[in-house]
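This one's a predicted model, so the numbers in the text were calculated from it and none came from an experiment.
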2 protein chains.
Amino acid sequence: MGRKRKEGDSSEEPKKKSKKEEPEASAPSTDWTASSDAKSKDGRPWNMKIVSWNINGIRAWIKKNGHEYVRKENPDIICFQEIKCAEDKLPPECSIPDYYPYWLTADKEGYAGTGILSKTKPLSIKYGLGIEEHDNEGRAITAEYEKFYLVTSYVPNSGRGLVRLNYRTKEWDEAFREYLLGLEEKKPVILCGDLNVAHKAIDLANPKSNYNKTPGYTQAEIDGLSKLLDKGFVDSFRHLYPDVTGAYSFWTYMGNARSKNVGWRLDYFLISKKLLPSLCDSLIRKEVMGSDHCPIALLLAV
Amino acid sequence: MGRKRKEGDSSEEPKKKSKKEEPEASAPSTDWTASSDAKSKDGRPWNMKIVSWNINGIRAWIKKNGHEYVRKENPDIICFQEIKCAEDKLPPECSIPDYYPYWLTADKEGYAGTGILSKTKPLSIKYGLGIEEHDNEGRAITAEYEKFYLVTSYVPNSGRGLVRLNYRTKEWDEAFREYLLGLEEKKPVILCGDLNVAHKAIDLANPKSNYNKTPGYTQAEIDGLSKLLDKGFVDSFRHLYPDVTGAYSFWTYMGNARSKNVGWRLDYFLISKKLLPSLCDSLIRKEVMGSDHCPIALLLAV
DNA sequence: CATCTGATG
DNA sequence: CATCAGATG
């Protein structure tokens, strides 16, 4: 994106923390307001930051001052899931200065919906997958940039009692995978968003009690994500931090789960293997409040 | 009720305000926390206080500390309208010490509903009118005391677009009037509650623009109340304060109506003519917050 | 436990 | 501009 490396407001100040050169063995920084000196494997500093956040209702999020986070994080691109708002009801605060906005809403009012704010104008924007039966819930936006496609998605939840597990795994997951693989034939792909699945036991606090019972940790959902990883996508966070435990991006509002860190890693940056040389860091902003999910951030040297 | 005259916490202290002997000409006191030395026409001090309040949801009202008002006002009986709560969901705080509780809820959850708290145990309690078609919305409770029946009611609103005006006036008002007149054959009656009508132009801020348009000020609704007054009931507030303007008990939450006193007098104490010698005062507690209605109070020497 | 809508006032 | 319920997560 041609930007100089800069994170938040503190890029010109001396670094307060030094980061290990091999982040694989260390837990991710917990101080998201500190700047990062993450580099790609071949030593290039990051020059692009992408954020993804399931904000659980953009109108509620604005009231809780979600804006302040965007200002401080200062990403090049931020992707939202669950905006829960018709486009004509988006409050004016949704137009953040310096960002081009792109919104996709569900037919059903106040349900699901995604959005992208981008400092540079994408080469193209595509709403949905181009498949009618999957395109009425506002679940995916694709922004094309010079060197990659960025897809943000709010993957369908399998629902209480797993009533929608079949749709989710047999229809959506299949169609979405085809869509992503089709894109990848043209350019590398970055997929971010709430994929509504914890991939492995390490990715949720209570794997045993939830396995095949709770939406987000059934074998069919796990397999859906595995297939994507088999086809050349990389789970950027787990790639960098294979053994880090307790790294979650979602905590139910019930029972004080967040304060006890009884959570799930449902939010991901999956990247095409070809982008691995550009990967500098993949971060979980677990301190940031404003939703039952926290934001996640991807640092790239592109 | 055999109680000594006592209002709030200050009955033993010297009176701070002297009240005119002929209250007809004066506006009602605005300081509801001051004690009242109101007397009946024949000079007997009041010894019984009844309060009526449309609280617009008892659970919300409790969160807003509605309790504190009850403690300070310290009525012998308090009647509630629009409790909006199934009986088994009433929070424990609804059981106020020293009061016998009586609740009547609508079949439809969270809709309408009435209640009575009484320091002395009524001789009898009757729920509804005894007419099936009018008894599924929790709109009336009758408590029998030695010297009178107390009926509290949340009269059906005629609805947006006056869709329910016919039911309200041709069915409910008729049946309710018959019910009240039936009671009165036995004992004097006190009717209190949200009658959902402003009787005359003086009883609402914008009579012209609302007449025959807005529920609560159509001719049919007005006539319903007039018929009751023709049959021997007295509007206790207007009887005492025939010319007082701006005396309202309801203000829509919209457009800061309350701070501008753009309101309606929808809440009443109607009393049988026979009770006029006992009437000491009829008050509107317009400073008391916690609902879009304020409480009203009746002082009697019985 | 929180977000929405939609009914109701 | 409030209350509530019910859907959804």
Side-chain angles (χ1 to χ4, degrees), chain A residues 54-64 66 80-86 89-90 105-113 137-138 154-164 168 194 196-197 214-216 250-260 262 264 266 289-293, chain B residues 54-64 66 80-86 89-90 105-113 137-138 154-165 168 194 196-197 214-216 250-260 262-264 266 289-293:
Chain A
N54 177 321
I55 53 178
N56 190 28
I58 197 164
R59 284 167 292 187
W61 176 83
I62 280 171
K63 284 181 196 150
K64 288 179 288 195
F80 297 118
Q81 301 87 43
E82 279 206 273
I83 62 172
K84 289 182 162 189
C85 188
K89 291 185 183 167
L90 286 170
T105 60
D107 295 351
K108 195 203 284 193
E109 277 243 12
Y111 180 67
E137 297 186 332
Y154 173 45
V155 167
N157 189 294
S158 295
R160 287 254 169 94
L162 302 173
V163 288
R164 236 187 157 195
R168 152 65 183 275
D194 176 358
N196 253 324
V197 60
T214 311
F250 162 83
W251 306 262
T252 172
Y253 277 124
M254 290 170 253
N256 277 103
R258 190 161 184 172
S259 66
K260 294 181 277 184
V262 177
W264 301 58
L266 301 180
M289 307 303 286
S291 166
D292 48 359
H293 295 245
Chain B
N54 177 321
I55 53 179
N56 190 28
I58 197 164
R59 285 167 291 186
W61 176 82
I62 280 171
K63 284 182 196 148
K64 288 178 289 196
F80 296 117
Q81 302 86 41
E82 277 205 273
I83 62 171
K84 289 183 162 189
C85 189
K89 291 185 183 168
L90 287 171
T105 61
D107 294 351
K108 195 203 284 195
E109 277 243 12
Y111 180 68
E137 297 185 332
Y154 173 45
V155 167
N157 188 296
S158 296
R160 288 253 170 94
L162 302 173
V163 287
R164 236 188 156 194
L165 180 62
R168 152 64 184 275
D194 176 358
N196 253 323
V197 60
T214 310
F250 163 82
W251 306 262
T252 172
Y253 277 125
M254 290 169 252
N256 277 102
R258 190 162 184 172
S259 66
K260 293 180 277 184
V262 178
W264 300 59
L266 302 181
M289 308 302 286
S291 166
D292 48 359
H293 294 246

Between [X] ([atom1]) and [N] ([atom2]), how many Å, whole number?
X	N	atom1	atom2	result
A/Asn157	C/dC4	CG	C1'	15 Å
A/Tyr154	C/dC4	OH	P	13 Å
B/Glu137	C/dA7	CD	C1'	13 Å
B/Met254	C/dT8	CE	P	15 Å
A/Asn56	C/dT5	CG	P	12 Å
A/Trp61	C/dC4	CH2	C1'	17 Å
A/Arg59	C/dA2	CZ	P	18 Å
A/Tyr111	C/dG6	OH	C1'	18 Å

(request) Show your working on side-chain contact (heavy atoms from CB on, under 4.5 Å) between A/Asp292 and A/Phe250 and close with a plain yes or no. (result) CA-CA 6 Å; A/Asp292 48 359; A/Phe250 162 83; 3.6 Å; yes
(message) Reading DNA chain D in the 5' to 3' direction, which nucleotide is the first one with an atom under 4.0 Å from a heavy atom of chain A, and which is the last?
(response)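 Listed 5' to 3', the contact boundaries are D/dT8 to D/dG9.
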(message) Run the side-chain contact (heavy atoms from CB on, under 4.5 Å) test against A/Arg160 and tell me which residues pass, sequence neighbours left out.
(response)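 Partners of A/Arg160 by the side-chain contact (heavy atoms from CB on, under 4.5 Å) criterion come out as none, since no residue qualifies.
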(request) For A/Asp107, enumerate each residue passing the side-chain contact (heavy atoms from CB on, under 4.5 Å) test, keeping only those at least two apart in sequence or located in another chain. (result) A/Asn136
Evaluate the side-chain proximity of [Y] to [X]: yes if any heavy-atom separation is below 4.5 Å, no if none is.
X	Y	result
A/Cys85	A/Thr105	no
A/Asn196	A/Tyr154	yes
B/Met289	B/Arg258	yes

(request) Toss me the dot-bracket line for DNA chain C: Watson-Crick and G-U wobble, both under 3.5 Å, 5' to 3', using | for pairs to another strand and [ ] for crossers. (result) |||||||||
Show which side-chain atoms of residues 55-63 of chain A pair as donor or acceptor with protein atoms under 3.5 Å away, not counting sequence neighbours.
{"residue": "A/Asn56", "atom": "OD1", "partner": "A/Lys84", "partner atom": "NZ", "Å": "3.2"}
{"residue": "A/Arg59", "atom": "NH2", "partner": "A/Lys84", "partner atom": "O", "Å": "2.8"}

(message) Quick check: on DNA chain C, is the nucleotide nearest A/Ile58 upstream (toward 5') of the one nearest B/Phe250, or the reverse? Name the residue that is more 5'.
(response)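 Its nearest nucleotide lies further toward 5', so the answer is A/Ile58.
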(message) Is there a side-chain contact (heavy atoms from CB on, under 4.5 Å) between A/Val155 and A/Arg168? Walk through the geometry before answering.
(response) CA-CA 8 Å; A/Val155 167; A/Arg168 152 65 183 275; 3.4 Å; yes
(message) For a quick check of understanding: with a heavy-atom distance under 4.0 Å over all strands, which category does A/Lys63 fall into, base, sugar-phosphate or nothing?
(response)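 Result for A/Lys63 = nothing.
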(message) Using the salt bridge (charged side-chain N to carboxylate O under 4.0 Å, His left out) criterion, which residues pair with A/Lys89? Sequence neighbours excluded.
(response) A/Glu109
(message) For a quick test of reading the model: is some side-chain N or O of A/Lys108 closer than 4.0 Å to OP1 or OP2 of C/dC4?
(response) no
